[in-house]
Asks: 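The structure is given below, and queries will be raised subsequently.
First listed ligand is number 1; within each ligand, the first listed atom is number 1.
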Amino acid sequence: MAEVLVLAELDPSGRARKTTLEALTAARALGEPSAVVLGAPGTAASVREQLAEYGAATVYVAESDDVDAYLVAPKAEVLAQLVAEKQPVAVVIPSSSEGKEIAGRLAIKTGSGFLTDVTEIAPDGTATQVAFAGATIVHSKVTVGTPIYTLRGNSVTAEPAPAAGTEQPVAVSVSDQARQTRVVDRVVEQKSSRPELTEASIVVSGGRGVASAENFAVIEGLADALGGAVGASRAAVDSGFYPHTFQVGQTGKTVSPQLYIAVGISGAIQHRAGMQTSKTIVAVNKDPEAPIFELADFGVVGDLNAVVPAATEQIAAR
Ligand code: FAD
């Protein structure tokens, strides 16, 4: 069966991110997935079984301090080396900012076409992308080299498909060119009990209507009751209500959860660009004419300060 390379992205605890399991699942449409684990020595030990459970027939292990000590360049080099050796039919990479940078570099190195932020990959290699802030659905196919796809989080449901997960070491040799940007420090973000925004099945986002940083506690309360992540509109971020890393939209993160709850958000096109592929959208807004209601599956017209705490209380009581 044709081999498909899947780059494994790991979380800080060394487990595969949900986006990695989704990428393994999507890759199965094209052939037999092999996972590629890149990192410092010892990285693969905690994740090999998990990758096998989600369909990795082979787990290529490229472990070296060099992979960890420099930014993305060594990872793109190792992947390019594997593409040359294994001649896979495609490469699938989670669509994180690092994943997209690796995909771009890999495309240059291998002389291949690449498609970013795809939401679906068909068995014939045709990929689906959402473009122009969701106004257009694009179906494209790579016609040059080894097709490289970055897969948008939450667009595919990760499904187990146990495979051998045979470990295969890969020799890592990093060029001088790839050593140009060294990591000098890593700052671990304060650990949150909430799921990662781009991976969460439920996202509760607050907008300018939330009115203050303190009042974002109302949004966090609902998110916590639902086990979801917190997002914010750009107006909320620019007003200093919530940090930029949580911004959803054209210049923020793209999310595609099962449930997106927009609270005090008007529904500007730039916000929609980051959330409109969510499966179910609920809006809470005091203005019945707010454009977000055009997009919402369910809407509540009312003051968020009354509606959201009441909903949180009901959910928490269940
Ligand atoms: P507003 O548009 O001010 O809406 C606030 C809403 O809250 C209103 O609908 C109001 O009725 C409601 N409200 C107020 N009080 C209450 C209450 N008590 N209870 C219930 N409802 C209430 N925006 C993004 O979000 N993400 C992006 O990535 C992004 N990128 C951009 C890129 C560019 C190049 C540009 C030009 C703009 C971008 N924007 C982005 C900004 C976007 O155009 C909007 O300005 C922004 O999304 C508005 O945020 P908002 O809906 O929170 O605020």
Asks: Show me which atoms of ligand 1 lie under 4.0 Å from any heavy atom of Gly249.
Replies: 26 (N), 27 (C), 28 (O)
Asks: Given Ala262, Gly252, Gly264, identify the one with the heavy atom nearest to atom 7 (O) of ligand 1.
Replies: Gly264
Asks: Using heavy-atom distances only, which candidate in Ser266, Ser239, Ser233 approaches atom 51 (O) of ligand 1 most closely?
Replies: Ser266
Asks: Out of Thr254, Val237, Val218, Thr251, indicate the one that has the non-hydrogen atom closest to atom 28 (O) of ligand 1.
Replies: Thr251
Asks: Answer yes if the side chains of Asp303 and Asn305 hold a donor-acceptor pair under 3.5 Å, and no otherwise.
Replies: yes
Asks: For residues Thr25 and Tyr54, is any side-chain donor paired with an opposing acceptor at under 3.5 Å?
Replies: no
Asks: Would the distance check show the side chain of Gln258 and the main-chain N or O of Lys279 forming a donor-acceptor pair, the cut-off being under 3.5 Å?
Replies: no
Asks: When you compare the side chains of Glu3 and Ser34, does any donor N or O come within less than 3.5 Å of an acceptor on the partner?
Replies: yes
Asks: Hey, which atoms in ligand 1 end up nearer than 4.0 Å to a heavy atom of Asp303?
Replies: 17 (C), 18 (N), 19 (N)
Asks: Touching ligand 1 at all, Gly302? Heavy atoms, strictly under 4.0 Å?
Replies: yes
Asks: Where's the contact between Val248 and ligand 1, heavy-atom distance under 4.0 Å: side chain, backbone, both or neither?
Replies: backbone
Asks: Which residue owns the protein heavy atom closest to atom 43 (O) of ligand 1, what's the atom, and how far is it?
Replies: Gln270 OE1, 2.7 Å
Asks: Heavy-atom pairs closer than 4.0 Å: do any link ligand 1 to the side chain of Ala268, the backbone, both, or neither?
Replies: side chain
Asks: When you measure from the side chain of Asp117 to the backbone of Arg152, do you find a donor-acceptor pair of N or O atoms at a distance under 3.5 Å?
Replies: no
Asks: Among all the protein's non-hydrogen atoms, which is closest to atom 17 (C) of ligand 1, and how far away is it?
Replies: Leu304 CD2, 3.6 Å
Asks: Can you tell me how far OG of Ser266 sits from CD1 of Ile292, rounded to the nearest 0.5 angstrom?
Replies: 7.5 Å
Asks: Asp238 vs Arg208, test: salt bridge (charged side-chain N to carboxylate O under 4.0 Å, His left out). Steps then yes/no.
Replies: CA-CA 9 Å; Asp238 287 352; Arg208 202 197 311 262; over 6 Å; no
Asks: Determine whether the side chains of Thr119 and Ser155 contain a donor N or O and an acceptor N or O closer than 3.5 Å.
Replies: no
Asks: Show your reasoning for whether side-chain contact (heavy atoms from CB on, under 4.5 Å) applies to Ile219 and Tyr242.
Replies: CA-CA 11 Å; Ile219 305 298; Tyr242 223 64; over 6 Å; no
Asks: CD1 of Ile102 to OG of Ser96: how many Å apart, nearest 0.5 Å?
Replies: 7.0 Å
Asks: Can you sort out which atoms of ligand 1 are near Ala235, meaning under 4.0 Å from one of its heavy atoms?
Replies: 48 (C), 49 (O), 50 (P), 52 (O), 53 (O)
Asks: Nearest protein heavy-atom contact for atom 27 (C) of ligand 1: which residue, which atom, what distance?
Replies: Gln247 NE2, 3.2 Å
Asks: Going by the order shown, which atoms of ligand 1 are within less than 4.0 Å of some heavy atom of Gln250?
Replies: 27 (C), 28 (O)
Asks: Considering both backbone and side-chain atoms of Ala290, is one of its nitrogen or oxygen atoms within less than 3.5 Å of a nitrogen or oxygen in ligand 1?
Replies: no
Asks: If you count the atoms of ligand 1 from 1 in the order shown, which ones are under 4.0 Å from a heavy atom of Gly207?
Replies: 52 (O)
